[in-house]
Each structure stands twice: as structure tokens, then as C-alpha cells.
2 protein chains.
Amino acid sequence: MKLNTKVRYGLRAMIEIAKHRENGGVLQKEIANTQEIPIKYLEHIINQLKTSGLMTNFSSKGSGYILTKKPNEISIYDIYRAFEPELAIVDCTCEHNMCKKSNECPTRDYWFQLNTKIKNEMMQVKLADLVTTKKEPYN
Amino acid sequence: MKLNTKVRYGLRAMIEIAKHRENGGVLQKEIANTQEIPIKYLEHIINQLKTSGLMTNFSSKGSGYILTKKPNEISIYDIYRAFEPELAIVDCTCEHNMCKKSNECPTRDYWFQLNTKIKNEMMQVKLADLVTTKKEPYN
DNA sequence: ACTTATCCTACTACATTAGTAGGATACAAA
DNA sequence: TTTGTATCCTACTAATGTAGTAGGATAAGT
């Protein structure tokens, strides 16, 4: 039950990009420096964030990265999904992978419900909530 | 963000033990058979459950395993902790491992709150809720 | 032309996961 | 008392995932 560094670094990268909304974009180097992420690793993370459509840039050099949506329209779960296909704390909670005993399995329902709650929590909180002052409570 | 098989099998083993409360214990072999867990792997799981104090047996042979507490006094989180030191979805949510930048890190607070919510969910649901008919809702 | 940001593919050390293997010990029944 | 078997205990391992690094290609600003 651990988040990997891609998701954690990815969120921090998105926060950094969101903070530069006014001044039109931020470079890999700046994200790496202020968020203290190895720049060569950040490349992969940025690549996945771009592929997922959460952010983009206009030039292969120097234009900086910008969000494609407003920070209050991007949930933590959106960012999570840039790196993971979906949240599935156990494989059988994935509806594509139902085991044949699932209708007699009491644990399946429990894990599924827990999974849904975690997912909902991550969908309700938006990037904007983390960019504004951290003194604001999130809920 | 995946649960490992030890926790999942461990919960199923505990359910199986709970189901035999009336008739005084269940053997490894029976747990392995009905829950379809490799018996040699189940050995490790049972060993951890015993060490954690959630269940025990009276003899090294044939007495069967029994719970040390009532099923409504054992939470899912208790079982989780038999296999993991604590729930920590990111390392810096562990208060023993605060990074020096934590007071300026907006993601730390978020992950910590999510961690707490997951932990609370797992503490509120008891083994008894999974042993009784699965048609009952858990919350 | 030169510099540098970005892009793209490949590689890798290390840790974790999900088990297996094999023998030692304990105890009950024959 | 021997034998069968449940449990206990330590070690080993194949496969996978994690957290990066390396190196060159491409693109664009100056």
C-alpha cells in the first residue's frame, strides 16, 4: 500500500507547473531544482504527464510546461492515473478480472468498497487545493 | 497502492478461523483447502498471525488454530498490521521519518490525510463484519 | 554555428513479492 | 515404541517492480 515516486514526484511537478500559471510556463530544470527531483528521472514523469493530457508545452525548447486545464479541474486521481492504469488495491477489485469465486468471497466486497472510498477521496481533492496556501484544510 | 498477498490471504485465513469458533479450531490444511492458499505459503502467514497475537493454537499438532479475541474486536487494520509495521502510503507520512522540508511541502499534508482516512476505514471494519453473511452492508 | 531544452530508447542495481524446499520437532494413535 | 502427520523453522529463488542513469537525436532560440 505505497505510492511510488512517479505519482509523488508527478504531483509535485504538477504543483510547480500550476504555480507558474501567471508567467506562462516552467522548464524541466526549474521543476527539478525547486522540487528536488533528479532531472533525468523527471523527464520520464513529464513525458507521462504530457501523454496523459494533463499538461503540455508549445515548443521542444524553452517554452515551458503549462497545464491544459485549470488547477481546480484536475483531481489528484487524474494525476495518479497519468502513472497507473487505475486504482486497484487488489487485482480482483478490477472488474475486468473477476475471479470465479467472487460471489462467495466476503473479502472481495470489502476490498472493493475500500478501493472505491480511496478513489473518491482522490477524485474530490483538486490540484488547486494543494497549490493555494497549505494552511487551508482540504475538506 | 496494492495490498500484497500476505495481507489478503491473512484476512481470508482469519475469516476461516473465525468460522470455526464454535467447533474449537481449524487446521492449516483445512484453511489452505477451503481458502485455496498454498499450504507452504500459508505456514508463513499463520506464523505472522500468531506472532502478532491475533490467534494461537494449544498444541504443535492437531489442536487447530483459534482466535485470541472475538471477531468483533479484531479490525481489518489489526490484521493488516500483522504483516506490515503500519499503514504508510508514502514514507514521509510516517512521523518517525519527517523530512526537513515537511513544513513547506503541500503534498505531505495531503498524503497524510489520505493515509489517515484509509487507516480509519480499516480500523472501523471488524472481522465479524466479513464473517457474517456478505449480504450485510459494512457501513 | 552554437548552445541547450526536450525527446526517445535502452539499460541497470536493488528491493520486494510470492512463493518453494527441506529438515526438525512435537504429539497422537497404533 | 514406532510411525504418521501437524507444526515449526531457516534458507533459498524466480519473477517483477522500482527508481533511477546513460547516451544520443532532435528542435529551436541567439
Side-chain angles (χ1 to χ4, degrees), chain A residues 1-13 16-17 20 24-53 55-66 80 82-92 99, chain B residues 1-13 16-17 20 24-52 55-66 80 82-85 87-92 99:
Chain A
M1 286 287 279
K2 285 211 183 294
L3 285 160
N4 59 30
T5 55
K6 284 201 171 182
V7 173
R8 292 188 286 116
Y9 292 179
L11 174 57
R12 282 158 55 190
E16 201 57 35
I17 297 165
H20 287 77
V26 56
L27 301 179
Q28 276 186 11
K29 201 199 305 184
E30 298 174 60
I31 299 171
N33 286 344
T34 64
Q35 292 291 335
E36 297 185 47
I37 300 167
I39 192 157
K40 272 303 215 179
Y41 194 36
L42 182 62
E43 262 187 32
H44 297 297
I45 290 159
I46 281 176
N47 182 42
Q48 284 182 265
L49 288 169
K50 266 185 76 171
T51 303
S52 74
M55 56 88 156
T56 189
N57 59 351
F58 291 129
S59 152
S60 74
K61 193 199 165 196
S63 73
Y65 296 99
I66 53 163
Y80 180 87
F83 304 99
E84 306 289 336
E86 72 184 311
L87 181 64
I89 62 170
V90 300
D91 283 334
C92 74
C99 87
Chain B
M1 285 287 280
K2 285 215 183 293
L3 284 159
N4 60 31
T5 56
K6 285 201 170 182
V7 173
R8 291 187 287 116
Y9 291 178
L11 174 57
R12 282 158 53 191
E16 200 58 34
I17 297 166
H20 288 76
V26 57
L27 301 180
Q28 277 186 11
K29 201 199 305 184
E30 298 175 61
I31 300 171
N33 286 344
T34 63
Q35 291 291 334
E36 296 185 47
I37 300 166
I39 191 158
K40 272 303 217 179
Y41 193 36
L42 181 63
E43 263 186 32
H44 297 298
I45 290 159
I46 282 176
N47 181 43
Q48 285 182 264
L49 288 169
K50 267 184 75 172
T51 303
S52 74
M55 57 87 157
T56 188
N57 59 353
F58 291 129
S59 153
S60 73
K61 192 199 167 199
S63 73
Y65 296 98
I66 53 162
Y80 181 87
F83 303 99
E84 305 288 337
L87 180 65
I89 62 169
V90 300
D91 284 333
C92 74
C99 87

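Computed from heavy atoms alone, side chains included, the values below leave out hydrogens, waters and symmetry copies. Just so we're on the same page: letters track the sequence lines, and every chain starts at 1.
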Legend entry - Partners meeting salt bridge (charged side-chain N to carboxylate O under 4.0 Å, His left out) with B:Lys29 (sequence neighbours left out): none
Inset, instruction - Identify the 5'-most and 3'-most nucleotides of DNA chain D with at least one atom closer than 4.0 Å to a non-hydrogen atom of chain B. - result: D:dG4 to D:dA11
Legend entry - A:Lys50: partners by side chain to side chain donor-acceptor pair (under 3.5 Å), with sequence neighbours left out: A:Asn57
Give every pair of a protein N or O atom and an N or O atom of nucleotides 24-26 of chain C that lie under 3.5 Å apart, one pair per line with the distance.
from   : atom 1 : to      : atom 2 : distance (Å)
C:dA26 : O4'    : B:Ser60 : OG     : 3.1
C:dA26 : O3'    : B:Ser60 : OG     : 3.2

Legend entry - Pairwise 5' ranking along DNA chain D for B:Leu27 and A:Asn4, keeping only the more 5' one: B:Leu27
Legend entry - Which residues share a side chain to side chain contact (heavy atoms under 4.5 Å, CB included) with A:Ser60, sequence neighbours left out: none
Legend entry - Set of residues satisfying side chain to side chain contact (heavy atoms under 4.5 Å, CB included) with respect to B:Tyr41, sequence neighbours excluded: B:Thr5, B:Lys6, B:Tyr9, B:Pro38, B:His44, B:Ile45
Legend entry - Side-chain touch A:Leu11/A:Tyr80, heavy atoms, less than 4.5 angstrom: no
Inset, instruction - Find the distance A:Gln28:CD to C:dA5:P and express it as a whole number of Å. - result: 9 Å
Legend entry - Contacts of A:Glu30 that satisfy side chain to side chain donor-acceptor pair (under 3.5 Å) - sequence neighbours left out: none
Inset, instruction - Answer yes or no: does a side-chain N or O of B:Tyr9 lie under 4.0 Å from OP1 or OP2 of C:dG19? - result: yes
Legend entry - Set of side chain to side chain donor-acceptor pair (under 3.5 Å) partners for B:Glu16, sequence neighbours left out: B:Lys19, B:Thr34, B:Gln35
Legend entry - With sequence neighbours excluded, residues passing side chain to side chain donor-acceptor pair (under 3.5 Å) with B:Asn33: none
Inset, instruction - Scan A:Tyr65 against the nucleic acid and name what it touches under 4.0 Å (heavy atoms): base, sugar-phosphate only, or nothing. - result: sugar-phosphate
Inset, instruction - Identify, residue by residue, the members of residues 43-52 of chain A with a heavy atom below 4.0 Å from DNA chain D, and return them in order of residue number, or none. - result: A:His44
Inset, instruction - Please name all residues satisfying salt bridge (charged side-chain N to carboxylate O under 4.0 Å, His left out) with B:Glu43, sequence neighbours left out, ordered by chain then number. - result: B:Lys40
Inset, instruction - Measure across B:Ile17 and B:Tyr65 and return the closest heavy-atom pair with its distance rounded to 0.1 Å. - result: CG2-O, 3.5 Å
